[in-house]
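Scroll down for the structure; my scribbles are underneath it.
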Amino acid sequence: MLDKSKKERKKNDIEPLINAQIKYNQVRLIDVSGSQLGIYSSSEALKMALNAGLDLVLISEKSSPPVCRIIDYGKYKFTQEKKAKEAKRKQHNVTIKEVKMRYKIDVHDYNVRINQALRFLQSGDKVKANVIFRGREIQHSKLAIELLDKMAKDLSHIAEIQQPAAKDGKNMIMILSPKKLS
């Protein structure tokens, strides 16, 4: 029933098959208005499309038989590109920003890190709070957990804990994400 191999079809998956590229024995045909015409051979469906001055476009090859539609391909391609651009414009990429500190941080330095994290969260990014240990400082991991918990509490009005404090080698890491507006 299918003349092309799956691998060949994957390469051209971006563009749908049109007109003579459709090599199925039978196809389910939909006309311009969206009503089903029935099941036809691909050659008959192509003749019907060409008689109407339009193109035969493969919409879904996964159904049995594959679904084809008689439409103006140029107009179809334009609307698909327009939809893709609109979806891309509305998309927001969330990045993870990192705030590094030591567990023996001074009050002023801590406030600077809180303000950095606040700025990152307000812009919609996630924050990775990273407490760095050097040498034997790893023995004081309880102090680092307390520091990260304090940070989470100070930012609780705008952030929620996505990943609680956990050791990662010689670091203690916690990830905060902005709260969802409901």
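Count residues from 1 along the sequence. None of the values given here were measured: they were computed from a predicted structure.
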Shared hydrophobic cluster for I158 and M174 (ILVMFWY, side-chain gaps under 4.5 Å): yes

Whether N115 side chain and N111 backbone form a donor-acceptor pair below 3.5 Å: yes

Derivation of the side chain to side chain contact (heavy atoms under 4.5 Å, CB included) call for I114 and L155: CA-CA 8 Å; I114 289 291; L155 294 171; 4.1 Å; yes

Closest non-hydrogen atom pair, P65 against R28: CD-NH2, 3.8 Å

Shortest non-hydrogen contact between A117 and V127, atoms and distance: O-CG2, 3.7 Å

Check ion pair K170-E137 (N to O, under 4.0 angstrom): no

Distance-minimising heavy-atom pair for K126 and S177: CG-CB, 4.0 Å

Short side-chain to backbone donor-acceptor contact, D125 and L121, under 3.5 Å: no

Check: K100 main-chain N/O paired with R113 side-chain donor or acceptor under 3.5 Å: yes

Heavy-atom pair with the smallest gap, counting every atom of M151 and A129: SD-CB, 3.6 Å

I'd like a table of donor-acceptor pairs (distance under 3.5 Å, sequence neighbours excluded) in which one partner is a side-chain atom from residues 77-86, with atom names and distances.
residue, atom, partner, partner atom, Å
T79, OG1, K75, O, 3.3
T79, OG1, Y76, O, 2.8
Q80, NE2, Y76, OH, 3.4
E86, OE1, R89, NH1, 3.3

Nearest atoms (heavy-atom pairs only) where F120 meets K97: CD1-CB, 3.4 Å

Within one Ile-Leu-Val-Met-Phe-Trp-Tyr cluster: L50 and L37, side-chain cutoff 4.5 Å: yes

L143-I145 co-clustered via ILVMFWY side chain contacts under 4.5 Å: yes

Donor-acceptor under 3.5 Å (D168 side chain, M172 main chain): no

Y73 backbone acceptor or donor facing D55 side chain under 3.5 Å: yes

Option among I173, N171, L148 that satisfies the side chain to side chain contact (heavy atoms under 4.5 Å, CB included) test with V131: L148

Over-ring placement of K167 relative to F133, 6.0 Å and 45° cut-offs: no

Verdict with reasoning, L176 to I161, per side chain to side chain contact (heavy atoms under 4.5 Å, CB included): CA-CA 5 Å; L176 300 170; I161 298 174; 3.8 Å; yes

